[in-house]
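Lettering of chains follows the sequences in order, A, B, ..., and the numbering in each one begins at 1. Only heavy atoms go into these numbers, but all of them, side chains included; no hydrogens, no water, no symmetry mates.
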2 protein chains.
Amino acid sequence: MADDRAPRQPRRADARDNRERIVRAARAAFAEQGPHASLNRIAAAAGVGAGTLYRHFPSEQALLVEIIRDDVDALCATGRALADQPDTADALRHWLHAVARHATAMRGLVATHMAAVSRPGTDATLAACHDAIRATGAALLDRARQRGAAPTTVDIGDLLTLANALAWASEQAPDDPGLLDRLLGIALAGLDV
Amino acid sequence: MADDRAPRQPRRADARDNRERIVRAARAAFAEQGPHASLNRIAAAAGVGAGTLYRHFPSEQALLVEIIRDDVDALCATGRALADQPDTADALRHWLHAVARHATAMRGLVATHMAAVSRPGTDATLAACHDAIRATGAALLDRARQRGAAPTTVDIGDLLTLANALAWASEQAPDDPGLLDRLLGIALAGLDV
DNA sequence: TAGAATACGGAGAACCTCTCCACTTGGCAA
DNA sequence: TTGCCAAGTGGAGAGGTTCTCCGTATTCTA
């Protein structure tokens, strides 16, 4: 099994450069070919050897984490902005849509994320991303609840899992671009009691 | 790409025997190790060579189809039985639960199924399974609609996709056995308008 | 500028799926 | 019963994958 402790910031300038090129190549490859993009090919595209790629990112998961970190920040910012909206249920619904859309932005990311979160030994950065999303969602859900706009029994973790599941489903049917919105529409219909 | 036309019923007794042993080994392997169970190992466990496995089942998908066919029949029977129930919305809900539970019975099956259905060149038997499930669900949905117990805009295909998506999500979190029911509860809350 | 710390890269180990084809065997016609 | 041949077998191997190892090269620091 791969050792997930790799230096986050290489000391040498050339290494930082390589790391950056690998991330760029990986972003392109994952977006284009999905989760099964070959790490060997990514290394070649970045102009480095396989050993170098694995030195920087000991696993596919580590690479994905690097790629999604920025997106998560944006998602949390969106959530904070929505917290000012008067219609609390609508804000929550909007945000769950955003979460699902974010999840589908990079094919195969949802599955990796979901699989990782529910398993021990998860990458610390990934766990932090997950916590940030969860906290943002919890704030929106609490606010909706204070206005009686959401059943008190619903858990924010479940809502996020739901959004991710629907994102995954819509990934499976790339020919049906409207699917994600339709599924979210059905699933969240019961949210504003 | 594999040629999916393999003889459904071998002429020779020894071949039928081998085929059966392969299916048994595959069922055990998929249930235990999930979708990534090695076909080589399955062949070895069945006591046949890799070539023999591939002669009977040209792809992993073909093997899975063999395994789920019986389950699909049972699912459709359940659907027909539910058609007599007075509470039409509840019947539909019950059946979607059954679909989701069926989907989680064999780890990794959902993903393979979903991926296959939305792609051209799908195995004919798998397509038939899918059609049977869809028809059963459509009957239940129509009946619910006639009593005004479901929004007229909801499509049975979307409901099935939803059920499969939630099944997939619950597969990702094997430590949380109640997840599937909770997610279905949230997602179907808006169904009895 | 020299030495030490750091990073590189590609050969190769160990897996995977799937194909090919020389060989074996079961079932049927005589 | 026997012998033929279509049907079936199995494992070597092609070509892919992930990931490791370690001799070599480069950068940083004192």
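Here CG of Leu82(A) is found 11.5 Å from OG1 of Thr88(A). Values are rounded to the nearest 0.5 Å. The CG atom of Leu126(B) sits 5.5 Å away from the CD1 atom of Ile68(B) when rounded to the nearest 0.5 Å. From His97(A), atom NE2 reaches atom CG of Leu184(A) across 4.5 Å, with rounding to the nearest 0.5 Å.
For Thr161(A), the side chain to side chain contact (heavy atoms under 4.5 Å, CB included) test picks out Met114(A), Ala169(B), Leu179(B), Leu183(B), with sequence neighbours left out. The side chain to side chain contact (heavy atoms under 4.5 Å, CB included) check on Asn40(A) picks up Ser38(A), Ala50(A), with sequence neighbours excluded. Scored by the salt bridge (charged side-chain N to carboxylate O under 4.0 Å, His left out) test, Arg41(B) finds no partners at all (sequence neighbours excluded).
Remark: P of dT17(D) and CG of Asn40(B) are 17 Å apart, rounded to the nearest angstrom. dT17(D) atom P lies 16 Å from atom NE2 of His36(B), rounded to whole Å. When the P atom of dT17(D) is taken as reference, atom CD1 of Ile42(A) falls 11 Å away, rounded to whole Å. The distance from atom CG of Leu39(A) to atom C1' of dT18(D) is 7 Å, rounded to the nearest whole Å. Distance Arg21(A) CZ to dA7(C) C1': 13 Å, rounded to the nearest Å. Rounded to an integer number of Å, the gap from CD of Gln33(B) to C1' of dC15(C) is 14 Å. The interatomic distance linking Tyr54(B) (OH) with dC21(C) (P) rounds to 18 Å, in whole Å. Counting to the nearest Å, the P atom of dA7(D) and the CD atom of Gln9(B) are 15 Å from each other.
At least one donor-acceptor pair closer than 3.5 Å links the side chain of Trp95(B) to the backbone N or O of Leu75(B).
Among residues at least two apart or in separate chains, side chain to side chain donor-acceptor pair (under 3.5 Å) pairs with a member in residues 137-160 of chain B are Arg182(A)-Asp158(B).
Side-chain contact between Trp168(A) and Thr104(A) is absent, with no heavy-atom pair separated by less than 4.5 Å.
At dT9(D), one or more side-chain N or O atoms of His56(B) fall inside 4.0 Å of OP1 or OP2 (strictly under the cut-off). Distances shorter than 4.0 Å separate some side-chain N or O of Thr52(A) from OP1 or OP2 on dG9(C). Contact check, Asn18(B) against dT9(D): a side-chain N or O comes under 4.0 Å of OP1 or OP2.
The nearest heavy atom of DNA chain C to Val48(A) and to Ala50(B) marks one nucleotide each, and the one closer to the 5' end goes with Val48(A).
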Do any N or O atoms of the protein come closer than 3.5 Å to N or O atoms of nucleotides 28-30 of chain D, and which pairs are they?
{"from": "dC28(D)", "atom 1": "OP1", "to": "Ala13(A)", "atom 2": "N", "distance (Å)": "3.0"}

Can you give me the N/O atom pairs linking the protein to nucleotides 28-30 of chain C at distances under 3.5 Å, or say none if there are none?
none

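Among the protein residues, Ser38(B) comes within range of the sugar-phosphate backbone only, with heavy atoms under 4.0 Å from sugar or phosphate atoms but none that close to a base.
Closest to the side chain of Arg41(B), out of dC15(C), dT9(D), dC19(D), is dC15(C).
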